[in-house]
Amino acid sequence: MIKVSQLSKHFGTVKAVDDISFEVREGETLALLGTSGCGKTTTLKTLNRLIEPSAGTIEIAGQNILQQQPETLRRSMGYVLQNTGLFPHYTIAENIAVVPQLQGWDKTKTDARARELMEKLHLSPDLLSAYPRQLSGGQQQRVGLARALAADPPILLMDEPFGALDNVTRTKIQAEFKQLDELTRKTIIMVTHDVQEAFDLADRICLMDKGRIVQLGAPADLLFKPANTFVKEFLAGQQMQLELRTTNINNLWELLPDVPALSAAFMPKSTTVWALMEILKNQPAISFQKNKQVKTINFEQLMSAFYQYRKGGYSHE
Ligand SMILES: Nc1ncnc2c1ncn2[C@@H]1O[C@H](COP(=O)(O)OP(=O)(O)OP(=O)(O)O)[C@@H](O)[C@H]1O
């Protein structure tokens, strides 16, 4: 879907992006992760031509983006900014309508789409006539997402979309984000410096340092097969929590005791240890089924399997 080849961007002597190549598959969420100044935002902005590269090519659906009008290109991509970037003198409805209007939608269709997105993003339709300053930070961030999604673009670029929010609001909006059906079909590139956010939301993570890619892979690859000491040290502070959030019942299956189900309700085997720890606070046991084999586990059995898994080296396929 998106193919970046030998991309560089220099600002004077600063090599903001230094010869990077990567691909993003259709429907995938890729997180550009790294500390401040590593070149994430510059990389993102080259994709919608807010920044023109010094060298390299970018193809979207097989077409070189330099051969397209920037305006046409940008209309095919939603863009969510950290500080929302809402127009202060436009109402919420007018903000959401910006791209549909550029695309020549009529008023009825635009209004219906704005109402649909407000509902999906848990915003009251009463807010459509309000101005951005009358909304909380979390509400503004939701409107920023609604505006980016308005014309249903196939690609979504997000620059620290949850960065300005307090922890509680951020966790809530991240959880909603994961469940939003509008997003499951989209190809998403998200810039973040937050390791947990990248692990939670991305299919693959592109870890950058000093304008270069240090490792690009699934969250479990970075965690269990780090490319070098930089990757290890970058994740070190949160290693345990990331392992709990990345390991699921499929990974632990052979280590779990073989106990028949108490009921016929089974949870998906992709459920993470982290999620199960929360669920098992409130219920004594949970059942899973794999090829007709059933396992019912409680909190102690889950943790025991997890620690054996950690001790035994990971396969994590
Ligand atoms: N317009 C510019 N002019 C000069 N230097 C720039 C410009 N934009 C970015 N840089 C420099 O390029 C480097 C990469 O910046 P970039 O914003 O891409 O990093 P980042 O990883 O997104 O960081 P942050 O998370 O702080 O935004 C930095 O050293 C930055 O100072």
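For ligands, and for the atoms within them, numbers begin at 1 and follow the listed sequence.
When ring centroids are compared, F162 and F177 come within the 6.0 Å threshold.
Looking at K40, H193, K45, it is K40 that brings a heavy atom closest to atom 25 (O) of ligand 1.
The shell of residues lying under 4.0 angstrom from ligand 1, judged by heavy atoms, includes T35. The closest approach between G34 and ligand 1 stays at or above 4.0 Å for every heavy atom of the residue.
An N or O contact shorter than 3.5 Å is missing between V191 and ligand 1 by distance. For a threshold of 3.5 Å applied to N or O pairs, the pair formed by F11 and ligand 1 contains no separation below that value.
Remark: minimum distance from atom 26 (O) of ligand 1 to any protein heavy atom is reached at S36 OG, 2.6 Å. Annotation: atom 17 (O) of ligand 1 to nearest protein heavy atom, T41 CB, 3.8 Å. For atom 23 (O) of ligand 1, the closest heavy atom belonging to the protein is G37 N, 2.7 Å. Of all protein heavy atoms, the one closest to atom 29 (O) of ligand 1 is V14 CG1, 3.8 Å. Atom 12 (O) of ligand 1 has A16 CB, 3.2 Å as its closest protein atom, hydrogens excluded (heavy atom only).
Close contacts between ligand 1 and C38 involve ligand atoms 19 (O), 20 (P), 21 (O) [criterion: under 4.0 Å to a heavy atom].
In this structure, atom 31 (O) of ligand 1 has no protein heavy-atom contact shorter than 4.0 Å. Atom 14 (C) of ligand 1 is flagged as protein-proximal [any protein heavy atom, distance under 4.0 Å].
Looking only at atom types and distance, the side chain of R245 has a donor-acceptor partner in the side chain of Q241 under 3.5 Å away. Side-chain atoms of Q63 and E59 include no donor-acceptor pair closer than 3.5 Å. For the 3.5 Å distance criterion, the side chains of W253 and Q293 qualify, holding a donor opposite an acceptor.
The pair K295-D258 does not meet the salt-bridge criterion, since no charged nitrogen lies less than 4.0 angstrom from a carboxylate oxygen.
Contacts between T42 and ligand 1, counted as non-hydrogen atom pairs separated by less than 4.0 Å, involve both the backbone and the side chain.
Within the cation-pi definition used here (under 6.0 Å to the ring centroid, within 45° of the axis), R204 does not qualify as a partner of F22. A cation-pi geometry, defined here as NZ or CZ lying under 6.0 Å from the six-membered ring centre and within 45° of its normal, does not hold between K311 and Y307.
Evaluated for a salt bridge (charged side-chain N to carboxylate O under 4.0 Å, His left out) with K186, the options D203, D181, D152 yield exactly one hit, D152.
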